[in-house]
Amino acid sequence: MIGMRRVFGVMATAMLLSGAAGADASAAPNHASTASNGGAVGAGGFGVSVVDPVCKVVLDANHKTLDTANHMYTDRPGGDGKRTTGEMITVNGERYIQVRGAWRKSPMTVAAQKAQEEENIKDAKVLSCKRVGDDTVNGEAATVYTEHTENEDTKSDGKIWVSKSRGLILKEEIDLDSGDAGKQHVGIRYEYGNVKAPI
């Protein structure tokens, strides 16, 4: 999973959803954070320990999303050069992954994911985010944020749409640069209506 443990966990989820090989690995959707006034914090070999107010909004939206029943859809490059889609359902603190058309329960619970988020933040060398404007997603008003993170082997840039009325994440677009392992673009969207455990 190319350095995913210490990058945005949401990208780990996207990698996880790509196939059975990652189906039992940890997926920790997380939205890293950071520096005052939306600027990046460089911490050398040390992690970032303080989350600024702008990034706290994104982290809070992520936690609320994890605590709310949702159906997540991902779209990312596949091994054959074609796009690969995936699905994950979060409900009652549990996560369910669809692998090759079949649903199975993930060993990574919501509580475990939240703990992984804390580790991701501590391990990051650079974390930053900004509010960049307003938009709508399927007719729902959203505030748009960008975020940037770097660790020892991976850099990523994300764009997150947070519902103005519900405080939930509606969609995300993430560009991941894993150095020699290559670059990829991951798209994620969330649905919240009538979500039930698939098994």
Rounded to the nearest 0.5 Å, how far apart are [atom1] of [X] and [atom2] of [Y]?
| X | Y | atom1 | atom2 | answer |
| --- | --- | --- | --- | --- |
| Arg131 | Thr143 | CZ | OG1 | 4.5 Å |
| Tyr190 | Ser163 | OH | OG | 13.5 Å |
| Glu150 | Ser128 | CD | OG | 8.5 Å |
| Glu173 | His185 | CD | NE2 | 3.5 Å |
| Lys155 | Ser178 | NZ | OG | 11.5 Å |
| Leu59 | Lys114 | CG | NZ | 12.0 Å |

Taking [X] for the side chain and [Y] for the main chain, is one N or O donor matched with an acceptor at less than 3.5 Å?
| X | Y | value |
| --- | --- | --- |
| Thr109 | Ala112 | yes |
| Thr65 | Ile169 | yes |
| Asn92 | Glu94 | no |
| Arg83 | Asp75 | yes |

Any [X] side-chain heavy atom under 4.5 Å of [Y] side chain:
| X | Y | value |
| --- | --- | --- |
| Leu66 | Glu117 | yes |
| Asp177 | Thr154 | no |
| Glu147 | Asp157 | no |

Where [X] and [Y] come nearest, the two heavy atoms and their spacing:
| X | Y | result |
| --- | --- | --- |
| Val186 | Arg76 | CG2-CB, 4.1 Å |
| Thr90 | Val195 | O-CG1, 4.2 Å |
| Leu170 | Ala142 | CD1-CB, 4.0 Å |
| Val54 | Cys129 | C-SG, 3.9 Å |

- Stepwise side chain to side chain contact (heavy atoms under 4.5 Å, CB included) check, Met72 with Ile188: CA-CA 7 Å; Met72 182 177 70; Ile188 300 170; 3.4 Å; yes
- Task: Given side chain to side chain contact (heavy atoms under 4.5 Å, CB included), test Val57 with Tyr145 step by step and report yes or no.
- Result: CA-CA 9 Å; Val57 172; Tyr145 297 88; 3.2 Å; yes
- Item | Note: Arg166-Glu140 ion pair, threshold 4.0 Å (strictly below) |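 Salt bridge flag = yes for Glu140 with Arg166.
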- Query: Salt bridge check: are Lys56 and Asp60 linked by an N-O gap of less than 4.0 Å?
  - Reply: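 Yes, Lys56 and Asp60 are salt-bridged.
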- Message: Any donor-acceptor pair under 3.5 Å linking the side-chain atoms of Glu87 with those of Tyr96?
- Response: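 No, no side-chain donor-acceptor contact under 3.5 Å.
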- Query: Just by distance, with hydrogens left out, do Gln113 and Arg95 show a side-chain donor and acceptor under 3.5 Å apart?
  - Reply: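 A donor-acceptor contact under 3.5 Å links the two side chains.
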- Item | side-chain hydrogen bond (donor to acceptor under 3.5 Å, both in side chains) between Glu191 and Asn70, worked out | CA-CA 6 Å; Glu191 293 182 359; Asn70 71 74; over 6 Å; no
- Query: Got more than 12 heavy atoms from elsewhere within 6.0 Å of NZ, Lys164?
  - Reply: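 Enclosed: over 12 neighbouring heavy atoms sit under 6.0 Å from NZ of Lys164.
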- Quickly, which of Asp135, Thr136, Asp134 forms a side-chain hydrogen bond (donor to acceptor under 3.5 Å, both in side chains) with Trp161? Name it, please.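 Between Trp161 and the candidates, side-chain hydrogen bond (donor to acceptor under 3.5 Å, both in side chains) is satisfied uniquely by Asp135.
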- Query: What ring pair (Phe, Tyr, Trp, His ring centres under 6.0 Å) pairs are there with at least one residue in residues 102-144, not counting sequence neighbours?
  - Reply: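 Matches after skipping sequence neighbours: His71-Trp103.
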